[in-house]
Engineer: 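Take a look at the following structure, please.
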Amino acid sequence: MKYQKVVIEALEYELAPVVVSSSDLEARLEPLYRELRIAPGQLQALTGIRERRWWEPGYPLSHGAIMAARKALLSAGIAASEIGALVYTGVCREQFEPATACRVADGLGISGDVAIFDLSNACLGVLNGILDMANRIELGQIKAGLVVSCESAREINEVMIAKMLEERNMQHFAHSLATLTGGSGAVAVLLTDGSFGSSAPHRLLGGITKAAPQHHNLCLWGVGPDGKGGYQQSMATDGVNVMNHGVELGRRTWEAFLPHVGWKAEQVDRVICHQVGSAHQSMILKTLGVPADKDFTTYEFLGNMGTVSLPLTAALAVERDILLPGDRVAFLGIGSGLNCMMLGIEW
């Protein structure tokens, strides 16, 4: 996938307001920690995450996506009527039907000759959405498209904390640990054909994907019977094998990505990775041979926000003058399944 006329026109976000520290979560798990003789502080020590954010209870996902999208349209000076496609890409969605994208589009005043739909692919959703918009722009089907997402970690954490206090054993603790890294946030990526006169568009050069679906059962988040006639969310993650197989897939994707976009490793100025935690960051950078000072992270204070993590981290990097005009920037994404995608952007 290579592009000649696709630019990232705006990248905006909405932060969830409730700060939840790792020590807050461990305090709620104190009976489990005491029984398993786990010392307080292990959650931050194992993940590098000191705090994350949650939405207020009952916060609609579409509201976060709408807020981020309004900021993107405003900063680019583009009217909602110019949008030719809108895709909502979160793991978390408001209902099975209709598409959450429909409520977002209605909130933005987008209707008529426009494609509106949801796209789901674990933590890769936003990057998949970017490629979908890029393909439509490159083919001349649309001039501008919006990719939005909003993730919420509160609900699954509440469920899993209750389960961890019921099932007090080390195996269940280990499979639940990744859930405790989850954070909440929303993001919007506005892509155009560059004809809107932006002063600083960021050119999408291309991208590449690789898949290892034989590892589809390593991270599972879904719903099941609650024993009371209803349904309840559940989540289980084989964190060690997600990291090991994910890093190997990342290595193979990186080796294909660099020649595809015409870069050598030393020519990459910045990388923005999916934000999992300190162990994953250290291993993937070491495996790819990327110096740590080329990476920018937010997992320490925002946790893992699923599809939102990578683009929101990039937006913060822009605000802090870490991504500069002319930089060769690589977005390195990975999602349960396993799927890996890397995008090259001339910032």
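When a residue number appears, it is its place in the shown sequence, counting from 1. Only heavy atoms go into these numbers, but all of them, side chains included; no hydrogens, no water, no symmetry mates.
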Engineer: For the pair Arg70 and Glu12, find out whether any cationic side-chain nitrogen is under 4.0 Å from an anionic carboxylate oxygen.
Structural biologist: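 A salt bridge is absent here (no side-chain N lies under 4.0 Å from a carboxylate O).
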Engineer: Does any donor atom in the side chain of Arg52 or Ser22 lie under 3.5 Å from an acceptor atom in the other side chain?
Structural biologist: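 Judged by distance alone, the side chains do pair up.
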Engineer: More than 12 heavy atoms of other residues, nucleotides or ligands under 6.0 Å from CD of Gln4: is that the case?
Structural biologist: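 For Gln4, atom CD is not crowded (no more than 12 foreign heavy atoms under 6.0 Å).
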Engineer: Quick check: closest heavy atoms across Arg328 and Asp269, and the distance to 0.1 Å?
Structural biologist: N-OD2, 2.7 Å
Engineer: Evaluate the side-chain proximity of Ile161 to Leu29: yes if any heavy-atom separation is below 4.5 Å, no if none is.
Structural biologist: yes
Engineer: Show the nearest heavy-atom pair for residues Leu146 and Ala69, with the distance to one decimal.
Structural biologist: CD1-CB, 4.2 Å
Engineer: Determine whether a donor-acceptor pair (N or O, by modelled atom type, separation under 3.5 Å) exists between the side chain of Asp226 and the backbone of Lys228.
Structural biologist: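 Here the side-chain-to-backbone pair exists.
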Engineer: Testing Glu158, Met235, His172 one by one against Lys163 for a side chain to side chain contact (heavy atoms under 4.5 Å, CB included), which residue passes?
Structural biologist: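 Result: among Glu158, Met235, His172, His172 is the only option passing the side chain to side chain contact (heavy atoms under 4.5 Å, CB included) with Lys163.
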Engineer: In terms of side-chain heavy atoms, does Glu9 have a donor or acceptor partner in Thr192 at a distance below 3.5 Å?
Structural biologist: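 Note: Glu9 and Thr192 side chains meet the donor-acceptor criterion.
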Engineer: Using the rule that Ile, Leu, Val, Met, Phe, Trp and Tyr join whenever any side-chain heavy atoms are under 4.5 Å apart, tell me whether Leu332 and Val261 fall into a single cluster.
Structural biologist: yes
Engineer: Provide the closest heavy-atom pair for Ala314 versus Phe331 in the form atom of the first, atom of the second, distance.
Structural biologist: CB-CZ, 3.7 Å
Engineer: Would the distance check show the side chain of Asn157 and the main-chain N or O of Thr179 forming a donor-acceptor pair, the cut-off being under 3.5 Å?
Structural biologist: yes
Engineer: Under 3.5 Å, is there a donor-acceptor pair between the Thr100 and Gln95 side chains?
Structural biologist: no
Engineer: Looking at Gln171, I want to see if its CD is surrounded by more than 12 non-hydrogen atoms of other residues, nucleotides or ligands under 6.0 Å.
Structural biologist: no
Engineer: Against Phe296, only a single residue in Arg320, Arg270, Gln275 fulfils side chain to side chain contact (heavy atoms under 4.5 Å, CB included); can you say which?
Structural biologist: Arg320
Engineer: Given side chains that start at C-beta, do those of Ile345 and Ile8 come closer than 4.5 Å, heavy atoms only?
Structural biologist: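 Of all side-chain heavy-atom pairs linking Ile8 with Ile345, at least one is under 4.5 Å.
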Engineer: Calculate, to the nearest 0.5 Å, the distance between atoms CG and NE2 belonging to Leu220 and His175 respectively.
Structural biologist: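 Atom-to-atom, Leu220:CG and His175:NE2 are 10.0 Å apart.
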Engineer: Hey, are the side chains of Glu151 and Val91 touching, using non-hydrogen atoms and a 4.5 Å cut-off?
Structural biologist: yes
Engineer: Is there a path of hydrophobic side-chain contacts, each under 4.5 Å between heavy atoms, that joins Leu165 and Leu25?
Structural biologist: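 Yes; tracing contacts between hydrophobic side chains, which count when under 4.5 Å, links both residues.
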Engineer: Could you tell me whether Glu35 and Arg168 have a side-chain N and a carboxylate O separated by less than 4.0 Å?
Structural biologist: yes
Engineer: In terms of side-chain heavy atoms, does Glu319 have a donor or acceptor partner in Tyr13 at a distance below 3.5 Å?
Structural biologist: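 Their side chains do contain a donor-acceptor pair, which is all the 3.5 Å distance test asks for.
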Engineer: When hydrophobic residues are tied together by side-chain contacts of less than 4.5 Å, even through go-betweens, does Leu124 share a cluster with Val242?
Structural biologist: no
Engineer: Hey, does Met1 have a side-chain heavy atom less than 4.5 Å from the side chain of Glu138?
Structural biologist: no
Engineer: With side-chain contact (heavy atoms from CB on, under 4.5 Å) as the criterion, how do Ile83 and Leu190 come out once you've worked through the C-alpha distance, each side chain's angles and the decisive distance to 0.1 Å?
Structural biologist: CA-CA 9 Å; Ile83 299 301; Leu190 175 58; 3.7 Å; yes
Engineer: State, yes or no, whether a side-chain contact exists between Asp118 and Arg93 at a heavy-atom distance under 4.5 Å.
Structural biologist: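 They are in side-chain contact.
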Engineer: Evaluate side-chain contact (heavy atoms from CB on, under 4.5 Å) for Val318 paired with Leu316, printing each intermediate quantity in order.
Structural biologist: CA-CA 5 Å; Val318 174; Leu316 285 179; over 6 Å; no
Engineer: Rounded to the nearest 0.5 Å, what's the gap from CD on Glu155 to CD on Gln232? Could you check?
Structural biologist: 12.5 Å
Engineer: Using side-chain heavy atoms (C-beta onward) and a distance below 4.5 Å, is Ile130 in contact with Leu191?
Structural biologist: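 Side-chain contact under 4.5 Å: yes.
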Engineer: Looking at every non-hydrogen atom in both residues, tell me the closest pair between Arg103 and Ser62 and how far apart they are.
Structural biologist: CD-OG, 3.2 Å
Engineer: In sequence, state the C-alpha distance, the side-chain angles, and the governing distance for Thr307 and Thr89, and then conclude on side chain to side chain donor-acceptor pair (under 3.5 Å).
Structural biologist: CA-CA 7 Å; Thr307 61; Thr89 59; 4.8 Å; no
Engineer: I need the minimum non-hydrogen distance between Gly64 and Cys150, along with the two atoms involved.
Structural biologist: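 Of all heavy-atom pairs spanning Gly64 and Cys150, the closest is CA-SG, 4.1 Å.
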Engineer: Heavy atoms only: give me the nearest Leu310-His274 pair and the separation to one decimal.
Structural biologist: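 Closest approach of Leu310 to His274: CD1-N, 3.9 Å.
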Engineer: Looking at Gly125, is its backbone amide N or carbonyl O close enough to the side chain of Asn121 to form a donor-acceptor pair, meaning the two atoms are under 3.5 Å apart?
Structural biologist: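 Such a contact is absent between Asn121 side chain and Gly125 backbone.
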Engineer: Quick check against the 3.5 Å criterion: does Lys294 have a side-chain atom that pairs as donor or acceptor with the backbone of Val268?
Structural biologist: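 Looks like yes, one N/O pair under 3.5 Å.
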Engineer: Go through Asn304 and Tyr299 one step at a time and tell me if the side-chain contact (heavy atoms from CB on, under 4.5 Å) criterion holds.
Structural biologist: CA-CA 6 Å; Asn304 179 358; Tyr299 64 80; over 6 Å; no
Engineer: Do Gln44 and Thr47 have a side chain donor and acceptor closer than 3.5 Å?
Structural biologist: no
Engineer: Could you tell me whether a side-chain N or O of Ser282 sits under 3.5 Å from a main-chain N or O of Ala279, the two making a donor and an acceptor?
Structural biologist: no
Engineer: Under 30°, 30 to 60°, or over 60°: which ring-plane class applies to His215 and His245, parallel, tilted or perpendicular?
Structural biologist: parallel
Engineer: Give a yes or no answer on whether the side chain of Glu94 reaches the backbone of Leu61 with a donor-acceptor pair at less than 3.5 Å.
Structural biologist: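 Checking the backbone N and O of Leu61 against the side chain of Glu94, a donor-acceptor pair under 3.5 Å is found.
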Engineer: Examine distances only and state if a side-chain atom of Glu300 and a backbone atom of Arg50 form a donor-acceptor pair shorter than 3.5 Å.
Structural biologist: no
Engineer: Are Lys143 and Glu82 ion-paired here, with the side-chain N under 4.0 Å from a carboxylate O?
Structural biologist: no
Engineer: Flag yes if Leu108 and Met67 sit in one hydrophobic cluster, no otherwise; membership is Ile, Leu, Val, Met, Phe, Trp, Tyr, and two members link when side-chain heavy atoms are under 4.5 Å apart.
Structural biologist: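 Hydrophobic grouping puts Leu108 apart from Met67.
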Engineer: Checking His63 side chain against Pro60 main chain: does a donor-acceptor pair fall under 3.5 Å?
Structural biologist: no
Engineer: May I have the step-by-step check of side-chain contact (heavy atoms from CB on, under 4.5 Å) for Ile116 and Tyr88, ending in yes or no?
Structural biologist: CA-CA 8 Å; Ile116 300 171; Tyr88 177 89; over 6 Å; no
Engineer: Checking Asn244 side chain against Asn241 main chain: does a donor-acceptor pair fall under 3.5 Å?
Structural biologist: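 No, the answer is negative, given that no donor and acceptor are paired below the 3.5 Å cut-off.
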Engineer: Can you confirm whether more than 12 heavy atoms, excluding those of Lys5, are under 6.0 Å from its NZ atom?
Structural biologist: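 Yes, NZ of Lys5 has more than 12 neighbouring heavy atoms, counting only those of other groups under 6.0 Å.
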Engineer: Using side-chain heavy atoms (C-beta onward) and a distance below 4.5 Å, is Cys92 in contact with Trp221?
Structural biologist: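 Heavy-atom side-chain distance check passes, below 4.5 Å.
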Engineer: Let's go through Glu255 and Arg252 carefully: what are the C-alpha distance in whole Å and the side-chain angles of both, what is the deciding distance for salt bridge (Lys or Arg N to Asp or Glu O under 4.0 Å) to 0.1 Å, and is it a yes or a no?
Structural biologist: CA-CA 5 Å; Glu255 289 178 353; Arg252 289 191 281 118; over 6 Å; no
Engineer: Any side-chain donor-acceptor pair under 3.5 Å between Asp132 and Asn135?
Structural biologist: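 Asp132 vs Asn135: no donor-acceptor pair found between side chains.
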Engineer: Answer yes or no: is there a donor N or O on one side and an acceptor on the other, between the side chain of Ser184 and the main chain of Ala153, under 3.5 Å?
Structural biologist: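 Side chain of Ser184 to backbone of Ala153, a donor-acceptor pair under 3.5 Å: yes, one is there.
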Engineer: Are Met305 and Leu180 connected in a single hydrophobic cluster, I mean Ile/Leu/Val/Met/Phe/Trp/Tyr linked by side-chain heavy atoms less than 4.5 Å apart?
Structural biologist: no
Engineer: Is there a side-chain contact between Phe173 and Leu36 (heavy atoms, below 4.5 Å)?
Structural biologist: yes
Engineer: For Tyr231, look at atom OH and say whether over 12 heavy atoms of other residues, nucleotides or ligands are found less than 6.0 Å away.
Structural biologist: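 Counting neighbours around OH of Tyr231, 12 or fewer heavy atoms of other residues, nucleotides or ligands fall under 6.0 Å, so no.
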